[in-house]
2 protein chains.
Amino acid sequence: MSDGQGTDGEPVDPRLHEERLARLIRLAARAFNRSLTLRLSTEGVTFGQWIFLRILWREDGLSQRELSDRAHLTEPTTHTALSRLEQMGLITRRNVEGNRRRQHAFLTDEGWRLRDVLEPLAIEANDLAVEGLDAEEQAVLRHALTVMIHNLERDEAEAAARGQRVPPTRVQNAV
Amino acid sequence: MSDGQGTDGEPVDPRLHEERLARLIRLAARAFNRSLTLRLSTEGVTFGQWIFLRILWREDGLSQRELSDRAHLTEPTTHTALSRLEQMGLITRRNVEGNRRRQHAFLTDEGWRLRDVLEPLAIEANDLAVEGLDAEEQAVLRHALTVMIHNLERDEAEAAARGQRVPPTRVQNAV
DNA sequence: CAAGGATTATGAGACATCTAATTTATTGAC
DNA sequence: GTCAATAAATTAGATGTCTCATAATCCTTG
């Protein structure tokens, strides 16, 4: 079924082909996420927790709002995720500079310690993924992905300017 | 923060960098999904419904099990998705060849009709995404993604052989 | 051909995410 | 200085996905 032919043998638009870009990218993202999820699970950390920890390792003390922006998740989602991280003893939340509205998240010693354990796992997944790709190919890959993200986000911004909203995109693991 | 430096100015492993592959791929997949979700929503179709319709347009009459495999979703998920599609009048379910266990899904006329409306939207999103990339770059992109998917799925298969299971990978929209 | 094991679908319950509504705090305008 | 508008966090409720359990059917083999 990867011969670019429909069931009756007529040629198919390659952009609808099984190997179309959208599908390849979705599969690659899924495979990457699963690879990392599997490795993190050996340390009792979920993929969602990794996302927030990783942001905080770079910028400790962000507000919940800022974390939501960085993670591309809504505030309620961030709220519950942070509550869990706090309960696990990996972060604490508190106000700063007399602002009693914003809640800032700070890593605990244990949260910092996890970094040394988890980051090597991410590096391992990355190295594994690019096995067999030379530096040139990797550079083109990065460039192409960056261009695509830019194109698509510009389009979404234009749609937003016209008042069009994107509904929730589920089916995270789909083809 | 995209200068390859940590907060204290020390160099950072590029594989942990903001522009690391896993993040770019996740963002690209997300942008693609959102782009398509937005377009489909104008026709009252969700992303999840698109996934199953697209499979059926290629292979009408698959069983629920086969659809689950194709879509990389579990059977209960497929079950509820198909129930919704049936309720919308886009598919029907029935047994074939005297096998009363398997439920096969068949597109209705309306389900087939939608193809002419929706596929152009997918082509539009694809064309938009690759704007500014020449054929050579697109070929390298495809190749690189295919290699990565292969590498990562091989790794997962090896882990599975050791009895390691991948927990649910949530945070579909994450960084 | 009967019994046990495998396969397929379905049901029940858990969980992460979303949108919408509510609460609380801050900022800005008069 | 007070009040309205804005911003941030939280709560409530809906939904799609998952895992695990159960039911129904099919297949194999003694």
Side-chain angles (χ1 to χ4, degrees), chain A residues 26 30 33-34 37-38 40-41 45-52 61-88 91 93-105 160 164-175, chain B residues 26 30 33-34 37-38 40-41 45-52 61-88 91 93-105 165-175:
Chain A
R26 200 147 57 225
R30 174 177 180 274
N33 290 350
R34 290 177 66 88
T37 299
L38 184 64
L40 294 173
S41 71
V45 174
T46 70
F47 186 70
Q49 288 159 10
W50 156 264
I51 293 294
F52 286 105
L62 288 177
S63 74
Q64 186 169 299
R65 184 77 231 286
E66 293 167 324
L67 280 165
S68 302
D69 289 343
R70 302 276 195 295
H72 294 282
L73 292 170
T74 62
E75 281 149 278
T77 301
T78 301
H79 179 71
T80 55
L82 292 186
S83 296
R84 177 85 178 113
L85 285 171
E86 191 167 34
Q87 181 197 328
M88 293 170 75
I91 66 162
R93 283 190 279 194
R94 65 167 192 271
N95 306 117
V96 297
E97 295 163 6
N99 189 322
R100 283 175 302 164
R101 200 170 40 173
R102 279 201 274 271
Q103 284 279 14
H104 296 254
Q164 287 185 280
R165 310 267 313 280
V166 181
T169 304
R170 296 269 165 62
V171 186
Q172 77 265 47
N173 294 330
V175 166
Chain B
R26 197 146 61 224
R30 175 177 178 274
N33 290 351
R34 289 175 66 88
T37 299
L38 184 65
L40 296 172
S41 70
V45 175
T46 69
F47 186 71
Q49 288 159 9
W50 155 263
I51 292 294
F52 287 106
L62 289 177
S63 73
Q64 185 169 301
R65 184 74 232 285
E66 292 167 325
L67 280 166
S68 302
D69 289 344
R70 303 276 195 294
H72 294 282
L73 292 170
T74 63
E75 282 149 275
T77 301
T78 301
H79 179 71
T80 56
L82 292 186
S83 297
R84 177 88 178 110
L85 286 171
E86 190 166 35
Q87 182 197 328
M88 293 171 74
I91 67 163
R93 284 188 280 194
R94 67 167 188 270
N95 305 118
V96 296
E97 295 161 6
N99 189 323
R100 284 175 300 164
R101 200 169 40 173
R102 279 203 273 269
Q103 285 280 13
H104 296 254
R165 311 266 312 281
V166 181
T169 303
R170 296 271 165 64
V171 185
Q172 79 265 54
N173 294 329
V175 167

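Below, chain A is the first sequence line, B the second, and so on; all start at residue 1.
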Under 3.5 Å, which N/O atoms of the protein pair with N/O atoms of nucleotides 25-27 of chain C?
unit_1	atom_1	unit_2	atom_2	d
dA25(C)	N3	R101(A)	NH1	3.3
dT26(C)	OP1	G98(A)	O	3.4
dT26(C)	OP1	R100(A)	N	2.9
dT26(C)	OP2	R100(A)	NH2	3.4

| request: For L62(B) and dA9(C), give me the distance from atom CG to atom P, rounded to whole Å. | output: 11 Å
| Relative to the 5' end of DNA chain D, which residue comes earlier, P76(B) or H104(A), by the nucleotide with the nearest heavy atom? | H104(A)
| Does CD belonging to Q87(B) count more than 12 external heavy atoms closer than 6.0 Å? | yes
| request: Measure across R165(B) and L38(A) and return the closest heavy-atom pair with its distance rounded to 0.1 Å. | output: O-CD1, 3.3 Å
| From dT17(D), dT10(D), dC18(C), nucleotide with atom closest to R93(A) side chain | dT10(D)
| Given N95(B), which of R101(B), R102(B), Q103(B), H104(B) fulfils the side-chain contact (heavy atoms from CB on, under 4.5 Å) condition? | Q103(B)
| Going through the distances and angles, do L82(A) and E86(A) end up as a side chain to side chain contact (heavy atoms under 4.5 Å, CB included)? | CA-CA 6 Å; L82(A) 292 186; E86(A) 191 167 34; over 6 Å; no
| Given atom CG of L67(A) and atom P of dT17(C), what is their separation to the nearest angstrom? | 14 Å
| field | Short side-chain N/O contact from T77(B) to OP1 or OP2 of dC18(D), under 4.0 Å | value | yes
| field | Short side-chain N/O contact to dC18(D) OP1/OP2 from T74(B), under 4.0 Å | value | yes
| request: Can you tell me the distance, in whole Å, between the CG atom of L82(B) and the C1' atom of dA9(C)? | output: 11 Å
| request: Would you indicate what Q103(B) reaches in the nucleic acid, counting non-hydrogen atoms under 4.0 angstrom: base, sugar-phosphate, or nothing? | output: sugar-phosphate
| In Å, rounded to the nearest 0.5 Å, how long is the span from CE of M88(A) to OG of S83(A)? | 13.0 Å
| query | What is the distance, rounded to the nearest whole Å, between atom NE2 of H79(B) and atom C1' of dT19(D)? | reply | 16 Å
| query | Nearest-Å distance, CD (E75(A)) to C1' (dA16(C))? | reply | 17 Å
| query | Under 4.0 angstrom, heavy atoms only, what part of the nucleic acid is T78(B) near: base, sugar-phosphate, or nothing? | reply | nothing
| query | Between dT7(C) atom P and D69(B) atom CG, what is the distance in whole Å? | reply | 12 Å
| said: Exactly one of L40(A), L85(A), I91(A) should register a side-chain contact (heavy atoms from CB on, under 4.5 Å) with Q49(A). Which one does? | reply: L85(A)
| request: Check W50(A) against V45(A) and note the closest heavy-atom contact, atom names and distance. | output: N-CG1, 3.9 Å
| query | Heavy-atom distance under 4.5 Å between the side chains of H79(A) and R84(A), does that happen here? | reply | no
| message | If I compare all heavy atoms of V166(B) with all of T169(B), which pair ends up nearest, and what's the gap? | response | CG1-OG1, 4.2 Å
| When the distance from CD of Q64(A) to C1' of dA7(D) is rounded to whole Å, what number comes out? | 13 Å
| task | Taking all heavy atoms of P168(A) and all of T37(B), pick out the closest pair and write down the distance. | result | O-CG2, 4.3 Å
| Which residue lies more 5' along DNA chain C, comparing R65(B) with P167(A) via nearest heavy atoms | R65(B)
| request: Could you give me the stems involving DNA chain D, meaning stretches of three or more consecutive Watson-Crick or G-U wobble pairs whose two defining distances are both below 3.5 Å? | output: C:1-30 with D:1-30
| query | Separation of R34(A) atom CZ from dT17(D) atom P, in whole Å? | reply | 15 Å
